[in-house]
Amino acid sequence: MSAGELDRAVTLLVRQVGHWEQPRWSAAAEGGNVSRADLVHKLVQEIANLAADAEGEPRREVPRLPSDLALPDQLRVVTADLLAAGAPEPVLAGAAAAVARTRSAL
């Protein structure tokens with residue numbers, strides 16, 4: 001799994017949700033009992049954790065911002081952090097799989 005493939009997976013997800021207004025973010029995710037916003041925030045946290053691990057830094061909680069409309073930007077930032085950390089291929093593959101799972105659940 002290359003960095004380019006992870007970047008593409010994130011780009012596809014951001015294109016899917018980047019134009020959403022608050023009611024779409026608040027709706028329940030497919031087959032679950034959490035909101036779409038909660039699901040994407042969970043993905044953001046998961047990728048942030050992978051980046052922290054790759055950097056040898058402690059994991060930190062990603063803040064939940066007042067507006068869910070910021071989630072696509074948060075996803076881009078934590079993905080850039082993971083890529084900049086030089087994470088190994090298996091970590092990138094796991095991140096891309098998590099993005100794909102989230103995207104299909106939305």
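Here the side chains of Leu106 and Leu13 are in contact, with some heavy-atom distance below 4.5 Å. A heavy-atom distance below 4.5 Å is found between the side chains of Arg8 and Leu12. Residues Pro58 and Arg60 form a side-chain contact, since some pair of their non-hydrogen atoms from C-beta on lies under 4.5 Å apart. Put simply, the side chain of Leu92 reaches to within 4.5 Å of the side chain of Leu83, judged on heavy atoms. Residues Val91 and Leu82 form a side-chain contact, since some pair of their non-hydrogen atoms from C-beta on lies under 4.5 Å apart. At least one side-chain heavy atom of Asp38 sits less than 4.5 Å from a side-chain heavy atom of Arg64.
Considering CG of Leu75 and CD of Gln45, their distance stands at 12.5 Å, rounded to 0.5 Å. The line from CG of Asp7 to CZ of Arg76 is 10.0 Å long, rounded to the nearest 0.5 Å. How far CD of Glu30 is from CG of Leu39: 11.0 Å, rounded to the nearest 0.5 Å. Going from atom OG of Ser35 over to atom NE2 of His41 covers 10.5 Å, rounded to the nearest 0.5 Å.
Taken together through direct or relayed side-chain contacts under 4.5 Å among Ile, Leu, Val, Met, Phe, Trp and Tyr, Val77 and Val10 form parts of separate hydrophobic clusters. By the rule that hydrophobic residues join a cluster once side-chain heavy atoms approach within less than 4.5 Å of another member, Trp20 and Leu69 end up as members of one cluster.
The main-chain N or O of Ala84 is never found under 3.5 Å from a side-chain atom of Glu55 such that the two would form a donor-acceptor pair.
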*Please step through side-chain contact (heavy atoms from CB on, under 4.5 Å) for the pair Val99 and Ile47, ending with a clear verdict.*
CA-CA 9 Å; Val99 171; Ile47 293 176; 3.9 Å; yes
*asked:* Before you tell me yes or no, could you show the steps for Val17 and Leu71 under side-chain contact (heavy atoms from CB on, under 4.5 Å), namely the whole-Å CA-CA distance, both residues' side-chain angles and the distance that decides it to 0.1 Å?
replied: CA-CA 9 Å; Val17 303; Leu71 285 166; over 6 Å; no
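Taking 4.0 Å as the cut-off between side-chain N and carboxylate O, Arg36 and Asp68 do not count as a salt-bridged pair.
Looking at every heavy atom in both residues, Ala85 comes nearest to Ala51 through CB-O, 4.2 Å. Scanning both residues, Ser104 and Arg101, for their nearest heavy atoms gives OG-O, 3.0 Å.
Other residues, nucleotides and ligands contribute over 12 non-hydrogen atoms within 6.0 Å of the CZ atom of Arg24.
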